[in-house]
There are 2 protein chains.
Amino acid sequence: MTNEQPASLRIEHVPQTLRELAVERLRAAIMSGRFPSGYRLVERTLVDQLGVSRSVIREAIRYLEAEGLVEIQPRQGPIVATLDWDKARQIYDIRLRLEAAAAADCARLLDASARADLQAALQRLKEAFLSDDPQVLYDATTRFYEVIFVTAGHHIAWEIVQRLNGRISRLRALTLASTDRHVSGQARMQRIAEAIFAQDPDRASVAVREHLTEAAEIASKLLHVANEGARRTGQ
Amino acid sequence: MTNEQPASLRIEHVPQTLRELAVERLRAAIMSGRFPSGYRLVERTLVDQLGVSRSVIREAIRYLEAEGLVEIQPRQGPIVATLDWDKARQIYDIRLRLEAAAAADCARLLDASARADLQAALQRLKEAFLSDDPQVLYDATTRFYEVIFVTAGHHIAWEIVQRLNGRISRLRALTLASTDRHVSGQARMQRIAEAIFAQDPDRASVAVREHLTEAAEIASKLLHVANEGARRTGQ
DNA sequence: GATCGGAAGATGGTATACCAACATGCCATC
DNA sequence: GATGGCATGTTGGTATACCATCTTCCGATC
């Protein structure tokens, strides 16, 4: 006799290791801007701050390094990855292609259950637009896209997009907070959802494309303004 | 007086760490099929095999985990990531979109220097098709695409594609070795290069699309055949 | 003889100490 | 004031110890 159990009875023991927790904390600290771009991640300092051993910190940094959130400077150790407009442009371009593809396939594959999920995510997004908390808007946006990608069956693309989003998190926060975006962003999201509900892949794809093109333009302006500011104050 | 020297005198100290070496060795072992899919990567065994300490092995595994080449099974340790057709299909789809975009932008941005690089890569590819060594063909193909991505300025997309290629390396090796591919693959590569040389983005994009669609179809057949075989012998 | 339970080994996870190499900045010396 | 050298800090690398969990197996118990 084996120990096999029906899946429903299976004990879902999630052994969240210290390493995983450390990765999440560090990623959150970087994405929230607490560790700014270029910030040096000194291992023994992080040991004190997170209260875990060096092994854990080092392994977590290796993971974030592969994610692209952290860069290793030879003989200097890890720093928070820097972002210039050229990199950001590339990332927006990749996102555009992957998200447009996901929206199209999502529109094709939409069933009743997915329709309900998307409806819920859209509702939550609308409420988030009224909220003051940028984190709420950020989370609701993420959830909205997650439904689209998962419905489309594009799980790997979703992983990639999430990873890319981590690298432009500061920019994303800025664009989400941008005032024009509050009005036009909501309208564009609505259009994406409508096209998907109408099961019109082409229209969904185009809507995503317009949405992201606009986001990239806003990001470009914001990044250049930020760089100008840094140049003035820095030098 | 500063210590700056002319670049030519600069000591190019590449501080290849043990960890980086370990990552390369492990990746090569996985991609070559020496560590097959699902193979358990037992830390203390790897310590003996690579002759480095456990810390190095563990950090290397973290990196490969983030790359998607290694999966961690809770309380069982790392195994070589498995690949089913659904994942492979997604990967081919992402590659298709990123490579089509790169080929189009490459065609737009082609200058004399890039033209020479591409010509050289194509020449090497043609020679590789005559070679018996699959590794030579694999490397030449990689180089061909690298020129396209770099010329297009799609560095981040190239990173992503390389990483994805790592995850389907066995499949890629199979498709590259496939006999029909020897004839049609060469012709399709030629068509991609011609479209780029003609600076015709749309044609380049379509050529890549056809090429990868065919590759995915071959991969699908091979994977299903392999699975059938495994099912017959395994059960 | 079947089943339960515990011992032993294997493995992953964590913590800590130590050393070498290298960069940086300060300070004494000239 | 410039130079050289030293102290310090940081990283990379290694070894080792300890613990928790899982597997396996063996024996005791029913």
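The analysis underlying the following values was restricted to heavy atoms, covering all of them including side chains, and did not include hydrogens, waters or symmetry mates. Quick caveat, the model's predicted, so the values are computed rather than measured. A, B, ... follow the sequence lines: proteins, then strands. Residue 1 opens every chain.
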Within the structure shown, what part of the strands sits under 4.0 Å from B/I61 by heavy-atom distance: base, sugar-phosphate, or nothing?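 The answer is nothing, as B/I61 stays clear of every strand by at least 4.0 Å.
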Taking any heavy-atom pair under 4.0 Å as a contact, classify B/R44: base, sugar-phosphate, or nothing.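 Counting heavy atoms under 4.0 Å across all strands, the contact made by B/R44 includes a base.
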Grab the [atom1]-[atom2] distance between [X] and [N] for me, whole Å please.
X     : N      : atom1 : atom2 : result
A/L50 : C/dA15 : CG    : P     : 11 Å
A/R58 : C/dG13 : CZ    : P     : 17 Å
B/E43 : C/dT11 : CD    : P     : 10 Å
B/Q73 : C/dG13 : CD    : C1'   : 17 Å
B/L41 : C/dT11 : CG    : P     : 13 Å
B/D48 : C/dT11 : CG    : C1'   : 14 Å
A/R19 : D/dA20 : CZ    : C1'   : 15 Å
B/L18 : D/dG13 : CG    : C1'   : 7 Å

Which heavy-atom pair separates A/A152 from A/D105 by the least distance, and what is that distance?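 Minimum heavy-atom contact is CB-CB, 3.7 Å.
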Below 4.0 angstrom from OP1 or OP2 of [N], is there any side-chain N or O of [X]?
X     : N      : answer
A/S53 : C/dA15 : yes
A/R62 : D/dG12 : yes
B/R54 : D/dT14 : no

Between the side chains of B/E146 and B/R143, is the shortest nitrogen-to-carboxylate-oxygen separation below 4.0 Å, so that they form an ion pair?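 Yes, B/R143 and B/E146 are salt-bridged.
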Determine, for A/F144 and A/R124, whether the Lys NZ or Arg CZ falls below 6.0 Å from the six-membered ring centre while staying within 45 degrees of the axis.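 Negative - A/R124 is either too far from the ring of A/F144 or too far off its axis.
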Quick check with a 6.0 Å cut-off and a 45 degree axis cone: is A/R19 positioned over the face of A/Y63's six-membered ring?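 Here A/R19 fails the 6.0 Å and 45° test against A/Y63.
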If you check the B/V52 side chain, which of C/dG12, D/dT14, C/dA15 turns out closest?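 Looking only at side-chain atoms, B/V52 lies closest to D/dT14.
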Between A/Q123 and A/E127: side-chain donor-acceptor atoms closer than 3.5 Å: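 Note: A/Q123 and A/E127 side chains meet the donor-acceptor criterion.
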For B/V42 and for B/S55, locate the closest nucleotide of DNA chain C by heavy-atom distance; then report the residue assigned to the nucleotide nearer the 5' terminus.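 The residue mapped nearer the 5' terminus is B/V42.
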